[in-house]
Amino acid sequence: MGMFGVSAVVMIAGSRGSYALAGAVTATGLAATGLAGPWIARLVDRYGQARIAVPATVTAVLGSLALLLCVRYGAPDWTLFAAYAATAATPNLGGMSRARWAHLLRDDPGALHTANSFEQAADELCFMLGPVLASFLTGAFFPEAGTLAGAVLLLTGALLFTAQRATEPPPRAGTGTARTPLRIGPLLAGFVATGAVFGSMEVVTIAYADAQGHRSAAGAVLALQAAGSCAAGLLYGALGPAGPAERRLSGCLLSMAALMSLPLLAVRAFDTLWALAPALLAAGMATAPTMVTAMTLVQERTPADRLNEGMSLVVTALLTGIACGSALGGWAAEHVSPTAAFATPAAAAVTALVVSIASRIASANSLHTH
C-alpha cells in the first residue's frame, strides 16, 4: 500500500507531463476510498474480516491494473480518474489489525499501547520501504512497474492476513443500542489535517526532487521521513503511556507542527536534496506518536461492535486529508514553486494543532456547563 501513491504520481506525471494531473488523480482515488471505507468496515464488523476483505481486495487490485493499462496505452485523462476510483474498495487492513490487538488485549491498556505502537512502527516501515521500492521499479524497469508490483503485493498480503483466523475478532451484529461512533468527530477533523500533511509532503517532495534533477531519489528521501517515524514509534511504545491520552495528543501535535517546518527551512536555506533529507528524517519523528495516541483515543471512544467502522472513519478522515494535501501540494509545486510548496505540509500541521486545542476547549466548556 505504501507503493501506490508514489507509483501513481511517477507513472502519470512521467506519461502526461503534469504533476497537477497526477495529484488530482490520486486525490480522487483517495477520496473515493474514504467514502467507501466506512461501508466496507461496517460489513466487516457484521460478517467478519476474511469474508469481506478478500473480495474487496480483488476489486481494488483490478482498479489498479485498469489504471496501469489506461496510462500504458494513452487513454483519455478522464479514464485515469475512473480507474483509480475503483481502488476505493481497498479494505482497511491496518484498522483490522488494530481491531485484533484491541480484541486480544482488551483487559491490558499498557500492553495495548505497546501493541499499537508496534503496529504504527510496522506501518511506517512499510511506508518507508514502499516508496523506495516503487521508485526503484519505475526507474529500473518501466513506469508502470511500481503499480503492478504493488497490486501483486496487496493481494498476497491480504490473503495471508485473512488466513490468520485464530486472532480474528468474532463478527458482531450489533446490540441495537450502539450508535455510529460520533464521539470521535473532533478527532476526525484532526485526522483530516494530519492527512493533508502526509499527502502534500509526498507530492511536494517528488516535485522538488524532480526539479533538482533527481526524481529517482524521491522515494529514498521520503523513506527517511518514515524511518524517523518508525524509530519514534518503537521508542514511544517502549516508554509506555504517561498522562491522559488527550493531553498527550496535544503535545504530539505541537511537536509535529514545529518539526514539519524543518523541510521548508532546509530547502529555503540550502536548496538541495541533501539538506531536505535530514529535515524529513527529523520531521517524521512526530508522526508515529501522534498516530498512536490518536488511535488509542479512537479505541477508547468507539463501541466494541463498531470498532472496525470507527477505525475506517479514521482512515476516511486521513484519506480525505491526503487527497486535499496531494491536490494542494501538486498545485503549489506547479504554479508557485517546488520550494515554496513545502509551506503546505507545515500549514496543515499547524491546522491539526489548532483543531486539537479547539476540541479540548469545547470539551472542557461542555463538561463545565453540565
Side-chain angles (χ1 to χ4, degrees), residues 1 37-38 41-42 44-45 48-50 53 91-127 161-162 164-172 174-175 178 180-188 190-191 194 226 229-253 255-256 285-318 356 359-360 363:
M1 293 178 71
R42 186 173 296 181
V44 169
D45 282 324
Q49 294 186 0
N92 179 17
L93 296 176
M96 292 181 195
S97 185
R98 287 174 175 82
R100 293 187 182 211
W101 286 121
H103 171 68
L104 296 170
L105 303 174
R106 56 189 176 276
D107 298 322
D108 191 343
L112 181 58
H113 169 82
T114 302
N116 281 335
S117 299
F118 171 79
E119 186 70 30
Q120 189 65 36
D123 276 354
E124 298 296 345
L125 181 63
C126 292
F127 281 90
F161 176 79
T162 54
Q164 312 308 312
R165 296 301 182 94
T167 57
E168 181 177 352
R172 297 175 183 268
T175 62
T180 301
L182 295 178
R183 291 181 62 203
I184 62 174
L187 279 173
L188 296 181
F191 275 117
T194 304
S229 183
C230 180
L234 292 174
L235 179 62
Y236 190 64
L239 292 176
E246 279 191 344
R247 190 175 67 194
R248 297 202 315 270
L249 179 60
S250 294
C252 290
L253 288 170
S255 298
M256 186 168 71
M285 291 182 179
T287 302
T290 300
M291 293 297 296
V292 169
T293 307
M295 286 294 186
T296 299
L297 280 171
V298 171
Q299 289 170 333
E300 290 177 356
R301 297 178 180 182
T302 305
D305 63 344
R306 293 288 183 86
L307 188 54
N308 280 294
E309 184 181 351
M311 293 290 185
S312 186
L313 286 170
V314 168
V315 173
T316 293
L318 276 172
S356 175
S359 173
R360 288 190 65 185
S363 178

Do M256 and P289 have side chains that get closer than 4.5 Å, going by heavy atoms? no
Which is it for D45 and R42 under the side chain to side chain contact (heavy atoms under 4.5 Å, CB included) test, yes or no, and what are the steps along the way? CA-CA 5 Å; D45 282 324; R42 186 173 296 181; 5.5 Å; no
For S117 versus V292, what's the shortest heavy-atom pair and its separation? OG-CG1, 3.5 Å
Nearest heavy-atom contact between E119 and G94 is OE2-O, 4.5 Å
If I compare all heavy atoms of A317 with all of L188, which pair ends up nearest, and what's the gap? CB-O, 3.3 Å
Locate the shortest heavy-atom distance separating A53 from P91; write the atom from each residue and the value. O-CG, 3.8 Å
Could you list the residues that satisfy side-chain hydrogen bond (donor to acceptor under 3.5 Å, both in side chains) with T287, not counting sequence neighbours? none
Supply the atom-to-atom distance L112 CG to M295 CE, rounded to the nearest 0.5 angstrom. 12.0 Å
Any cation-pi pair here, R248 with Y236, using under 6.0 Å and within 45°? no
Minimal heavy-atom distance between T114 and G237, with the atoms involved, is OG1-O, 3.5 Å
Will you find, in the side chains of Q164 and R100, an N or O donor that is under 3.5 Å from an N or O acceptor? no
Between the main-chain N or O of L93 and the side-chain N or O of S97, is there a donor-acceptor pair closer than 3.5 Å? no
When R98 is tested against each of V314, D123, T296 for side-chain contact (heavy atoms from CB on, under 4.5 Å), which residue passes? D123
Gap separating the CZ atom of R106 from the CG atom of D108, nearest 0.5 angstrom: 11.5 Å
Quick check for you: to the nearest 0.5 Å, what is the distance between R247 atom CZ and T293 atom OG1? 12.0 Å
Measuring only between side-chain heavy atoms, which start at C-beta, is P169 closer than 4.5 Å to Q49? yes
Distance check, rounded to the nearest 0.5 Å: M1 atom CE versus N92 atom CG? 7.0 Å
Would you say F161 and E168 make side-chain contact, with heavy atoms under 4.5 Å? no
Once you round to the nearest 0.5 Å, how far does CG of L234 lie from OG of S229? 9.5 Å
